[in-house]
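Reminder, nothing fancy here: chain letters follow the sequence lines and each chain counts from 1.
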2 protein chains.
Amino acid sequence: MARTAGSHSDITGPRVRQAALRLFARQGYAAVSMRQIASEVGVQAGALYNYTPDKQSLLFDLMQAHMRDVLGAVPDPKGRSAMDQLEDFVRFHIAFHFGRPDEVFIAYMELRNLTPENFEVIEKQRKLYESHLEQILDNGVSAGAFAVQDPKIATFAVIAMLTGINTWFREGGRLSLEAVQDQYWHMVRTAVGA
Amino acid sequence: MARTAGSHSDITGPRVRQAALRLFARQGYAAVSMRQIASEVGVQAGALYNYTPDKQSLLFDLMQAHMRDVLGAVPDPKGRSAMDQLEDFVRFHIAFHFGRPDEVFIAYMELRNLTPENFEVIEKQRKLYESHLEQILDNGVSAGAFAVQDPKIATFAVIAMLTGINTWFREGGRLSLEAVQDQYWHMVRTAVGA
DNA sequence: CTTGGTTCTGAACAAATGTTCAGTTAAATC
DNA sequence: GATTTAACTGAACATTTGTTCAGAACCAAG
């Protein structure tokens, strides 16, 4: 046998995904060319096709990996009160998304650039995440811990509010992650009438 | 003199802007071609250049017109209590954005596809709108009507929450505009600790 | 040093892009 | 009916696009 499989590919491969992530987040999928990605990696455009069958898969894989990470990290609500479950979720969402601004940006800005089949897959995962929060609210309402008229709407409102953080929050700003978590948790808690 | 200026252009002109609006909102600026817009209007691509100097201006004009409309319609806070001002703003935002889903979508999804000069113009108007809300919150805090720790953050949170409505609300759904306004106003009111 | 196989280059491909423009069409005025 | 001019066509342009592929370069094992 000769050179073992992926002797360079385990270096170049991640760099390709990383470059695609950066560029897609900054300029948008449709505005980024394969040559641009290749140039950022320091390679010719043709070489990218050792690591992805096509441009679309590059986007899809990035989104899928992100959704897998998110869903795998959602805090387990078992044995926690409704209020604690909600607090866990809010703090988790902020902290998790805080360290992945590019992934988050792509995950909800580039949905329309997915092929219909790929879109269906990602959308299913997105709804799974939302249903986590909806479950918490539903249960809390039943238990009398929350006072929301429509848990579905409250879910949308909370998610939109939390995800919006990424549009303005930058590391090294005047506020720490903990301060942001505290303030948003306060707003969410009062908004659900607790 | 002959044919008066714009004898057709006052028909085709708006149709060009309308087609661009629709397509930009659905597929994104970068993914839409001039030929696609022309085809929707029922005209050849070259004819579009009677109505816009280039593709970028088409996007910029749409965003600018929207921002002008929004800023011109913000309710006047004069002579209203802090609480009423906030309620006015929340209900206005929902109602106004409700009738213009495409414009809203473009206005915050296509910012990165503006040239730097155009971006600066739009961004200035966007911040002007946000500062309306921030003023209301600031004044309300001073008057003791609200209890928010940081009005700047509360501003972002409320705007994100309200703008998020456009991602799920469709006319003819199970909820009326008024019902949505009521529920969001309830959440905002409690979130600012009133 | 030879061999075998992975990784990349560099050129090529057809298709699509934004934009220009000479020329055709058609309507309003005289 | 002749003239004038706005509105549009249709072809052309230089670039850029995603993708393919033969061959060079390179490295590790025998």
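Of the possible donor and acceptor atoms, none in the side chain of Arg35(A) sits under 3.5 Å from a partner among the backbone N and O of Ala45(A). Within the 3.5 Å criterion, the main-chain N or O of Glu40(B) finds no donor-acceptor partner in the side chain of Arg22(B). For the pair Thr190(B) (side chain) and Met187(B) (backbone), a donor-acceptor distance under 3.5 Å is present. Side chain of Tyr29(A) to main chain of Gln56(A): a donor-acceptor pair is present (N/O by atom type, distance under 3.5 Å, no hydrogens or angles).
Contact annotation: Thr12(B) side-chain N/O to dC8(D) OP1/OP2 distance is under 4.0 Å.
Figure legend: cation-pi geometry between Arg100(B) and Phe96(B), with NZ or CZ positioned under 6.0 Å from the six-membered ring centre and within 45° of its axis.
Listed by residue number, Val32(B), Ser33(B), Met34(B), Arg35(B) are the residues of residues 28-36 of chain B with a heavy-atom contact under 4.0 Å to DNA chain C. Heavy-atom distances under 4.0 Å link DNA chain C to Asp54(B), Lys55(B) of residues 53-60 of chain B, given in residue order.
When each of His186(A), His93(A), Arg91(A) is checked for a side-chain contact (heavy atoms from CB on, under 4.5 Å) with Gln181(A), only Arg91(A) meets the rule.
The CD1 atom of Ile37(A) sits 8 Å away from the P atom of dG18(D) (whole-angstrom rounding). Residue Leu48(A) contributes atom CG, which lies 17 Å from atom P of dC21(D) at whole-angstrom precision. Atom pair Asn50(B):CG and dT25(C):P shows a separation of 18 Å (rounding to whole Å applied).
The side chain of Tyr51(B) lies closest to dC8(D) when the candidates are dT19(D), dT19(C), dC8(D). Listed nucleotides: dT19(C), dG10(C), dC8(D). Nearest to the side chain of Gln44(A): dG10(C).
Using a cut-off of 4.0 Å between Lys/Arg side-chain N and Asp/Glu carboxylate O, Asp61(B) and Arg17(B) are scored as not salt-bridged. Salt bridge status for Glu134(B) with Lys152(B): present, with a side-chain N to carboxylate O gap under 4.0 Å. Using a 4.0 Å cut-off between charged side-chain N and carboxylate O, Lys127(A) and Glu130(A) make no salt bridge.
Ring geometry for Trp168(A) against Phe156(B) counts as parallel: the plane angle stays under 30°, on a 0 to 90° scale with 60° as the upper cut.
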Notebook entry, point to check: What do the steps show when you test Met63(A) against Arg126(A) for side chain to side chain contact (heavy atoms under 4.5 Å, CB included), and what is the final call?
Noted result: CA-CA 10 Å; Met63(A) 295 181 79; Arg126(A) 244 177 46 104; over 6 Å; no
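Across its full length, the helix from dC1(C)-dG30(D) to dC30(C)-dG1(D) shows an angle of 0° between the axes of its 5 terminal pairs at either end, rounded to 10 degrees.
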